[in-house]
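Residue numbering restarts at 1 for every chain, and letters A, B, ... go by the order of the sequence lines.
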Amino acid sequence: MWGWLKKKFGDEAQVPAETNVSEQSQTSSEVIAPQEAIATTPVSIEPTPTAEESLPVAVVSPTNVAEEKKGWLDKLKTGLSATRNKLGLQTIFASKLDEDTLEQLEAQLLMADCGMPATQHLLDDLRKRWKQAGGEGDPRKMLVDALTDLLKPLEQAFPERNETPFVVMIAGVNGAGKTTSIGKLAKHLQQSGASVLLAAGDTFRAAAREQLAIWGERNNVTVIQQAGGDPAAVMFDAVNAGKARNIDVVMCDTAGRLPTQLNLMDELKKAKRVIGKAMDGAPHETLLVLDGTTGQNAIMQVKAFDEALQLTGLIMTKLDGSAKGGVICAIAKERPVPLRFIGVGEGIDDLRPFSAREFAEAMV
Amino acid sequence: MSNQLTERLARLVKTIKGEARFTESNTADVLREIRLALIEADVALPVVKSFVERVKTAALGQEVMGSLTPGQAFVSIVHRELTALMGPEPGVPAGLNLAVTPPAVILLAGLQGAGKTTTAGKLALRLKSSQKKKVLLVPCDVYRPAATEQLRTLAAQVEVDFYAPAKAEAEDPVAIARNAIEWAKPRYYDVVIVDTAGRLAIDEAMMQEAAAISAAVTPAETLFVVDAMLGQDAVNTARAFNERLHLTGIMLTKLDGDSRGGAALSVREITGVPIKFAGVSEKLDGLELFDAERMASRILGMGDVLALVEATQKAVDIEQAHKLAAKVKSGKGFDLEDFKQQIGQMRKMGGMQGLIDKLPHEIQAAAAKSGGVDEKQVGRMEGIINSMTPAERRKPELIKATRKRRIAMGAGVQVQEVNRLLNQFEQTQTMMKKFSQGGMGKLMRAVGGMKGGLPGLKGKFPGMR
């Protein structure tokens with residue numbers, strides 16, 4: 001999520017302010033200040049301790065976080081100072097909230113994929129805060145607060161594993177990163193001492209089974225698979241195998257599908273029902289994997305999959321690129337489903353629990 | 001996404017009514033609405049800005065045509081500009097340019113999960129079956145587990161050759177690409193499609209690798225595969241890929257979803273290269289030539305009416321339709337057998353739901369409000385007719401109480417359902433008779449109630465004029 005900044009600054013530097021200032025996308029000035037604010041206040045982006053403690057799987061150990069944070073911040077600082085020098089911009093964000101600033105913030109939010117309704121909501125919230133503060137302060141910081149408040153309800157850690165096996169079902173559109181996310185999640189669980197079993201439920205896409213099987217082999221995780229056939233049957237088998245082998249977590253992969261493919265959505269419902277037959281109360285977690293680069297369609301995805309599966313959580317992937325995943329704000333506003341993890345890189349450790357404040361800081 | 005552009009504009013332009021020209025002052029609100037609609041459709045903000053500017057220039061001073069309301073005129077301007085922007089440059093042929101010394105290399109690149117490998121398979125099938133090319137698929141994704149395996153499977157499915165990398169080169173995508181071309185040359189391949197790993201635009205090492213692959217194979221076409229659901233980031237990504245790879249075309253994927261696909265406009269605008277194909281289904285023949293006009297309608301939320309027309313043309317059996325028309329003309333003989341055929345044809349077009357999906361949003365909403373379409377109901381109707389004897393189908397008036405009971409038993413439904421079907425059939429028959437007697441005019445009056453169901457449909461599809 002950070003690399004984006006450097007890239008963007010490079011571009012902005014080459015394109016001086018010839019764009020129409022009255023319109024929104026004049027972004028150079030409002031981007032600079034926010035980042036500096038982050039760089040100077042590293043403490044504020046420490047994830048809340050509750051999120052860490054209540055995480056039974058210990059996805060990221062606190063020390064780890066601190067170290068990596070430093071890495072990010074260092075990168076950020078160097079990138080920023082370079083740009084600042086180039087642009088000769090020493091002025092920080094206007095310390096008042098005028099129409100210009102609001103427009104810039106609006107552009108910032110829109111370009112992060114927040115969508116119009118959520119953006120409007122945030123700006124209204126910001127105006128209110130500004131008024132309450134008596135018309136002074138740092139508008140950007142207030143926006144971060146507003147964002148944090150909006151996203152806070154989504155900050156719910158992966159639940160306690162009370163059942164054995166704990167069954168997790170994972171769905172999403174094509175190419176969202178389901179299999180990769182399962183891999184990362186499985187690895188984490190394994191590292192925290194839990195035994196994991198995977199069900200290769202993508203019986204449709206060419207070599208999807210192989211993808212999971214190869215991954216399983218490399219990481220010493222058993223993968224239950226069947227040649228062709230019904231994904232529900234594979235999952236049924238997997239849950240039963242999990243029971244028989246006393247496995248802690250069973251994770252069911254599914255084939256990617258677009259919500260418009262109604263028959264495939266029905267297939268998904270069936271798979272969930274069948275899992276429930278293999279074990280009462282299962283699946284205990286039903287997660288939707290969202291591609292962080294997706295635009296407003298992500299809301300439709302959450303709605304459609306939630307209707308079909310009654311989601312318990314989301315995973316947002318591919319936030320290591322230049323996309324900022326602001327659509328989560330729109331989701332928070334229109335269809336709040338807890339965001340369990342965000343994927344910020346290719347590495348196994350790059351699947352992190354979601355922290356509203358951290359995310360908000362990174363976004364504006 | 002509920003408030004559709006046309007709807008909102010219709011409301012807004014009431015204020016412009018009575019003015020003959022668009023001026024700076026009376027278009028400001030309308031332009032803001034357009035801006036909003038484009039943002040909702042995921043068109044990237046900088047692109048929205050320049051586009052709105054364009055529309056403004058095109059609209060200012062223009063006279064409102066007599067037949068159109070200002071709103072319709074405006075939407076048609078927007079639609080036209082969108083189409084022009086996304087369509088091919090005049091004089092440049094659509095499709096791929098493979099006129100080079102064979103083998104013509106096609107390089108596919110894009111973000112993770114954009115659909116590169118699937119597109120490679122689809123493209124291979126298309127080139128093989130419609131252009132009779134000898135195609136070789138080359139896997140250069142050495143990172144994702146089983147990516148090579150996926151392409152191998154796809155190659156087998158579409159029955160084209162697959163380049164299996166040797167052990168020695170299995171880790172080096174540049175070597176695979178280079179060797180594959182060398183291997184293809186003496187074997188007279190027409191086209192070599194190189195599938196690469198998904199990469200982020202900011203991943204310097206991976207972007208360098210992509211450039212190296214490109215340099216090693218000197219592609220005739222470098223296609224940027226982009227997910228139609230992509231959001232604002234489309235700008236950054238497209239720019240970065242274009243800088244490093246000199247793209248020649250865009251492949252839009254996952255258009256069968258319900259995204260508005262604004263990314264198409266962003267990417268087209270940023271790279272300046274044409275959008276060549278669109279992926280429209282998970283099946284391997286689901287690759288269509290890109291249609292700018294249709295995409296423009298979609299971005300504006302006007303529904304894919306063209307697709308509907310096409311689906312109808314494809315599914316309707318012309319000969320049967322003629323026969324039916326003859327029957328209708330003669331004013332008699334429209335029987336249950338024909339009725340069943342009609343149901344069957346509806347099915348072929350993807351069922352009622354499939355049809356409704358292609359309609360503009362406002363009508364979709366109306367359909368959903370009226371309880372949606374019960375797909376099962378249609379199947380049941382077919383079942384009831386199937387339970388009748390040929391004689392009954394020809395002369396439905398034969399069907400009385402005992403026959404009804406038998407038919408209901410046979411179809412596994414209640415007698416009431418049989419009654420309902422017969423009623424519906426009778427209505428259709430009456431309509432047909434009217435049609436034969438008084439022609440279209442009368443029929444339209446007969447179904448006058450329906451007009452209310454499609455409020456103001458007329459004139460809302462500039463693309464259909």
Does a donor on one side chain sit under 3.5 Å from an acceptor on the other, for A:Asn297 and B:Asp258?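 Result is yes, a qualifying pair exists.
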
Point to revise | Side-chain donor-acceptor contact under 3.5 Å, A:Gln190 with A:Asn219 | key: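 Side chains of A:Gln190 and A:Asn219: no pair found under 3.5 Å.
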
- Query: Should we count CD of A:Glu217 as having more than 12 external heavy atoms under 6.0 Å?
  - Reply: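 Open: at most 12 neighbouring heavy atoms sit under 6.0 Å from CD of A:Glu217.
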
Tell me, side chain or backbone of A:Val173 under 4.5 Å from chain B's heavy atoms, or both, or neither?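 For A:Val173, side-chain heavy atoms alone lie under 4.5 Å from chain B.
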
- Message: Given heavy-atom pairs under 4.5 angstrom as the criterion, report whether the side chain, backbone, both or neither of A:Leu212 touches chain B.
- Response: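 For A:Leu212, there is no contact with chain B at all, as no heavy atom is under 4.5 Å.
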
**Asked** Between A:Arg257, A:Gln301, A:Glu210, A:Arg205, which has the largest tally of heavy atom pairs under 4.5 Å with chain B?
**Response**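 Sorted descending by pairs with chain B, the first entry is A:Arg205.
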
*Could you pull out all residues at least two apart from B:Glu269 that satisfy salt bridge (charged side-chain N to carboxylate O under 4.0 Å, His left out)?*
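In terms of salt bridge (charged side-chain N to carboxylate O under 4.0 Å, His left out), with neighbours along the sequence ignored, B:Glu269 is linked to no residue.
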
- Task: Report the residues that fulfil salt bridge (charged side-chain N to carboxylate O under 4.0 Å, His left out) with B:Glu149, sequence neighbours left out, ordered by chain and then residue number.
- Result: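 Applying salt bridge (charged side-chain N to carboxylate O under 4.0 Å, His left out) to B:Glu149 gives B:Arg152.
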
Exercise. Do A:Trp215 and A:Leu198 have side chains that get closer than 4.5 Å, going by heavy atoms?
Worked result: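 Yes, side chains in contact.
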
Do A:His121 and A:Met116 come within less than 4.5 Å of each other through their side chains, counting heavy atoms only?
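Answer no - side chains too far apart.
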
Checklist entry - Any idea which of B:Asp256, B:Asp227, B:Leu154 has the most non-hydrogen atom pairs under 4.5 angstrom with chain A? => result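 Max contact count across the listed options: B:Asp256.
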
*Do any of residues 111-123 of chain B have a heavy atom less than 4.5 Å from a heavy atom of chain A, and if so, which, in residue order?*
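Expected list: B:Leu111, B:Gln112, B:Gly113.
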
With B:Asn242 via side chain to side chain contact (heavy atoms under 4.5 Å, CB included) - residues at least two apart: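 By the side chain to side chain contact (heavy atoms under 4.5 Å, CB included) rule, B:Asn242 matches B:Leu247, B:Thr271.
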
